[in-house]
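These notes concern the structure reproduced below.
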Number of protein chains: 2
Amino acid sequence: MSLDTLRGTPSNLNRWADMSDLLGRLRGRGWRMTSQRRVVAEVLDGDHVHLTADEVHARAAQRLPEISRATVYNALGELVALGEVAEVTTDGRAKRYDPNAHHPHQHLVCSACGAIRDVHPTGDPLAGLPAEERFGFTVSAVEVTYRGLCPNCA
Amino acid sequence: MSLDTLRGTPSNLNRWADMSDLLGRLRGRGWRMTSQRRVVAEVLDGDHVHLTADEVHARAAQRLPEISRATVYNALGELVALGEVAEVTTDGRAKRYDPNAHHPHQHLVCSACGAIRDVHPTGDPLAGLPAEERFGFTVSAVEVTYRGLCPNCA
DNA sequence: TTCTTGACTTGGATTCTGTCCATCGTAGGA
DNA sequence: TCCTACGATGGACAGAATCCAAGTCAAGAA
């Protein structure tokens, strides 16, 4: 089954909506399950997880030492395409992967130590952009990153 | 004169505040002017400019063929440190350099073609994060990127 | 259960972005 | 005009990510 097929199947999406775990949702959507993909998904499962691809690889390799970096990149790319994981770029360095994609949220980043917290602001952030400032764009998403100092670094 | 010296001189900052051009401000702040730095500043001057370092280098090289990439990176880094240019990361790829740093704004990015527009939303974006969602952080800045499709790609 | 096949994994090469460093050149003050 | 500290150079290097050809395997079919 191709990624394109997986992407556009609302019936599959809904059928498994009650499963809380990433792994179950993926299996339910027909994602071909391999030992490598399983450990990548397991490493990413949870709250406040913001790992780089290399960190995911390192943790996956603890359980499956022969897993390659290319496989981790492939799996992460597909999870992002499926909408199960969000890519976030908080510094200019490596992208981070956030499995909390089903709960819209924003990020609060410490400028000193790089710590990242999920935050949930009030109101619709899209509403901040009036129509006359949209220049004909169809605006569908907004990414917000707050920066400051965490309690430890302040 | 060192960067540290340049950074913290409000008198210099104000003395040249009426100059509209980047080049003039830099010279007024004592930035040592070389032919390489001049073309980098000239390439960046203007509105709605969001060039990558490589694009800056390519345009600078049209006027000064022997300019090196390291020099462009050095100059860009200093312009950012001086607060004259802002770094923006709209995709996971190369950083872009935005000379519009004196007019706070946000970015509207086309998910298809990557086009970038400066936008000016209403209200204070920092106000969107209530105190109970700040977890003890001292929040000082916020970056907002709206995503969607531009008129050409829609 | 075994077979089959297309999808997945591997690891090494490659690209892209950015930094570092020793050496050379020069802007701007004396 | 001369000095010299600061800036430029380009090649090496490093980190992040992608590409590719060859080998492997999950899952449906028989």
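Numbers restart at 1 for each chain; the letters A, B, ... are given by sequence-line order, proteins then strands.
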Worksheet item: Can you list the residues that meet the salt bridge (Lys or Arg N to Asp or Glu O under 4.0 Å) rule with A:Asp91, with sequence neighbours excluded?
Response: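 Partners of A:Asp91 by the salt bridge (Lys or Arg N to Asp or Glu O under 4.0 Å) criterion come out as none, since no residue qualifies.
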Using whole Å, report how far [atom1] of [X] lies from [atom2] of [N].
X	N	atom1	atom2	result
B:Lys95	C:dT19	NZ	C1'	10 Å
A:Leu79	C:dC8	CG	P	12 Å
B:Arg96	C:dG18	CZ	P	10 Å
B:Asn74	C:dT26	CG	C1'	16 Å
B:Arg38	D:dG7	CZ	P	15 Å

As a test of reading the structure: which of [options] is closest to the side chain of [X], going by heavy atoms?
X	options	value
A:Arg32	C:dT26, D:dA17, D:dA27	D:dA27
A:Ser68	C:dC8, C:dG11, C:dG25	C:dG11
B:Ala94	C:dT10, C:dT17, D:dA17	C:dT17

Worksheet item: What is the ring orientation for B:His107 with B:His50, classed by angle as parallel under 30°, tilted 30 to 60°, or perpendicular over 60°?
Response: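 Ring orientation, 0 to 90° scale: perpendicular.
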Discussion item. Other residues, nucleotides and ligands only: do more than 12 of their heavy atoms fall within 6.0 Å of CZ on A:Arg63?
Written reply: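 Atom CZ in A:Arg63 is crowded, with more than 12 foreign heavy atoms closer than 6.0 Å.
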Worksheet item: What heavy-atom pair brings A:Leu26 and A:Ala41 nearest, and what distance separates the two atoms?
Response: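 Of all heavy-atom pairs spanning A:Leu26 and A:Ala41, the closest is CD1-CB, 4.0 Å.
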Side-chain N or O of [X] less than 4.0 angstrom from OP1 or OP2 on [N]?
X	N	value
A:Thr71	C:dC8	no
B:Arg37	D:dG7	yes
B:Tyr73	C:dG18	yes
A:Gln36	C:dT10	yes
B:Thr34	D:dA8	yes

Fill in: Salt-bridge contact B:Arg59-B:Glu42 (side-chain N to carboxylate O under 4.0 Å)
no
Fill in: Carboxylate-amine/guanidinium proximity below 4.0 Å for A:Arg29 and A:Glu84
yes
Discussion item. If you go through the side-chain atoms of A:Arg69, does one of them form a donor-acceptor pair with the base of C:dG11 closer than 3.5 Å?
Written reply: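 In this structure, the two groups form no donor-acceptor pair.
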Discussion item. Angle between the two end axes of the helix from C:dT1-D:dA30 to C:dA30-D:dT1, five base pairs per end, rounded to 10 degrees?
Written reply: 30°
Fill in: N/O donor-acceptor pair under 3.5 Å between B:His57 side chain and B:Glu55 backbone
no
Discussion item. Here's a test of your reading of the structure: between B:Ile67 and B:Arg93, which maps to the more 5' nucleotide of DNA chain D?
Written reply: B:Ile67
Worksheet item: Looking for any heavy atom pair under 4.0 Å, which part of the strands does B:Ala70 touch: base, sugar-phosphate only, or nothing?
Response: base
